[in-house]
Amino acid sequence: MQHRQQARPNRLGPSVRSACSIATVFVYAARMLAGFTRDELLHEALVSPRQARGAYADTQVYERPDWFQLLTPSFRQGGFNEVAFARLGDDEVESVIDATLAQYAAHGLRFRWTVTPDCRPLDLAERLARRGLRSERVVVLAAAIDSLQIPEADGVTVERVGPDTVELHAEVTARGWNVDPAPLLAYQRSVLADQTDERNHFFLARHDGEPIGIGNYAALPRSAFLIGAVVLEDHRSRGAYRSLLAARVRHAAARGLKLVTTHARATTSAPILTRLGFVPVVELPVFFNR
């Protein structure tokens, strides 16, 4: 059963501006997009996505005004294991880091810890780095959906995933990200079986009928959040990534959504998305235990 410690959602406010001087977290002066102010963009790009993923059967959600964490023992290689927000006092930060690392280690789980502009203390990233966690730069991007004109690739088709194609989707995801397909397949089947779930949407790309990539998104109340796109290595640089992006944006637009956001690796997908019209909102360090 899913376990949740629930509290009111966190909203980014003045603390974001006061954190802009942190060397490891940089907030861009993003212009207004799709009628959203900069603070609203930050909320849609950082806070709303914490609710983006549907919970797996054994997901434990720890949510308080100063903390958001997911722990899912069945996803040993990551995915549903993360600390997405932490506002800690100087008197507790070291013990909380110790306890969190021990918690994931006890289950043998890979996890990530994202440091956002409103996390505290200000040197949280440096403290995590000193523990030997590996870091990666992530660019949070946003775009007004009606401003995007994404060229699609010839010969690539993209389809919504349903019960008949969910195994293919899980297989391609697992190959692309080098993870175990079994928990992915179980999760996706549970989502598709839930007739009330209008949030999670999965897409599969093919070239000449061969499955070559996937992309997902979460339909949030005010925006679309892109998740987990990957194209198999032998089929990259042929436009499949663009086609997956275009299909998801079209689907979100048909739902009446005006804003799309995503968290992209600074050295891979972020430059592609920027060329296609996405605007950087904030750059973050994300830490991994392995």
Side-chain angles (χ1 to χ4, degrees), residues 2 48-49 51-59 70 72 74-75 77-81 145 148 150-221 223-236 238-257 260-265 268-269 272-273 276:
Q2 178 192 356
S48 294
Q51 312 296 336
R53 293 178 176 86
Y56 195 57
D58 62 341
T59 298
L70 299 178
T72 309
S74 58
F75 275 76
Q77 295 164 301
F80 289 77
N81 292 287
I145 289 178
L148 294 173
I150 303 168
E152 299 181 59
D154 294 334
V156 175
T157 60
V158 178
E159 64 200 68
R160 287 279 310 283
V161 171
D164 294 338
T165 52
V166 67
E167 289 190 25
L168 284 175
H169 184 278
E171 177 187 340
V172 173
T173 304
R175 289 171 59 192
W177 292 113
N178 192 28
V179 297
D180 181 4
L184 286 169
L185 180 57
Y187 164 69
Q188 290 163 356
R189 279 178 168 162
S190 70
V191 170
L192 293 174
D194 184 355
Q195 299 299 314
T196 66
D197 189 326
E198 297 184 354
R199 177 177 53 185
N200 297 283
H201 305 278
F202 309 130
F203 293 80
L204 177 70
R206 301 177 188 259
H207 183 263
D208 294 334
E210 178 185 358
I212 62 169
I214 63 93
N216 312 318
Y217 92 91
L220 302 172
S223 62
F225 181 65
L226 305 178
I227 307 172
V230 66
V231 176
L232 297 182
E233 187 172 2
D234 291 344
H235 297 275
R236 293 172 185 168
R238 300 178 186 176
Y241 183 86
R242 297 196 313 270
S243 294
L244 281 162
L245 177 62
R248 289 178 289 168
V249 168
R250 274 198 305 272
H251 190 271
R255 295 178 59 88
L257 297 173
V260 58
T261 71
T262 192
H263 296 182
R265 290 178 172 176
T268 55
S269 52
I272 299 172
L273 292 166
L276 292 173

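Using a 30° and 60° split on the angle between ring planes, F80 and F75 fall in the tilted class, from 30° to 60°.
Once rounded to the nearest 0.5 Å, the distance linking CG of L245 with CZ of F203 reads 11.0 Å. In this structure, the separation between CG on L192 and CD on Q195 is 9.5 Å, given to the nearest 0.5 Å. Of the inter-residue distances, the one linking Q51 atom CD with L220 atom CG reads 9.0 Å to the nearest 0.5 angstrom. The CZ atom of F202 sits 10.5 Å away from atom OG1 of T165, with the distance rounded to the nearest 0.5 Å. Within the model, atoms CD1 of I150 and CZ of R242 stand 9.5 Å from one another, a figure rounded to the nearest 0.5 Å.
In plain terms, the two heavy atoms of A264 and L273 that are nearest each other are CB-CD1, 3.9 Å. Between L232 and P211, the shortest heavy-atom contact is CD1-O, 3.9 Å. Closest approach of A253 to I145, counting heavy atoms only: CB-CG2, 3.7 Å. Minimum heavy-atom separation, L257 to P221: CD2-O, 4.0 Å. Taking each heavy atom of H201 and A219 in turn, the nearest pair found is NE2-CB, 4.0 Å. Heavy atoms only, all atoms of each residue included: W177 and A229 are closest at CZ2-O, 3.4 Å.
Between the side chains of S223 and T261, not a single donor N or O lies within less than 3.5 Å of an accepting N or O. For the residue pair T72 and N81, no side-chain donor N or O sits within less than 3.5 Å of a side-chain acceptor on the partner.
Taking the side chain as every heavy atom from C-beta outward, L244 and V231 approach each other to under 4.5 Å. Between Y241 and T268 the shortest side-chain heavy-atom distance does not fall below 4.5 Å. Under the 4.5 Å side-chain criterion, counting only non-hydrogen atoms from C-beta, P151 is in contact with L276. Taking the side chain as every heavy atom from C-beta outward, V156 and R238 never approach each other to under 4.5 Å. In this structure, Y217 and N200 have side chains that are not in contact, with every pair of non-hydrogen atoms separated by 4.5 Å or more. In this structure, R206 and I212 have side chains that are not in contact, with every pair of non-hydrogen atoms separated by 4.5 Å or more.
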Under 3.5 Å donor-acceptor pairs involving side-chain atoms of residues 166-175, not counting sequence neighbours:
residue	atom	partner	partner atom	Å
E167	OE2	R189	NH2	2.7
H169	ND1	Q188	OE1	3.4
H169	ND1	Q188	NE2	3.1
H169	NE2	N216	OD1	2.9
T173	OG1	H169	O	2.7

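Side chain of R248 to main chain of S243: no donor-acceptor pair is present (N/O by atom type, distance under 3.5 Å, no hydrogens or angles).
Annotation: ring pair (Phe, Tyr, Trp, His ring centres under 6.0 Å) contacts of H235 (sequence neighbours excluded): none.
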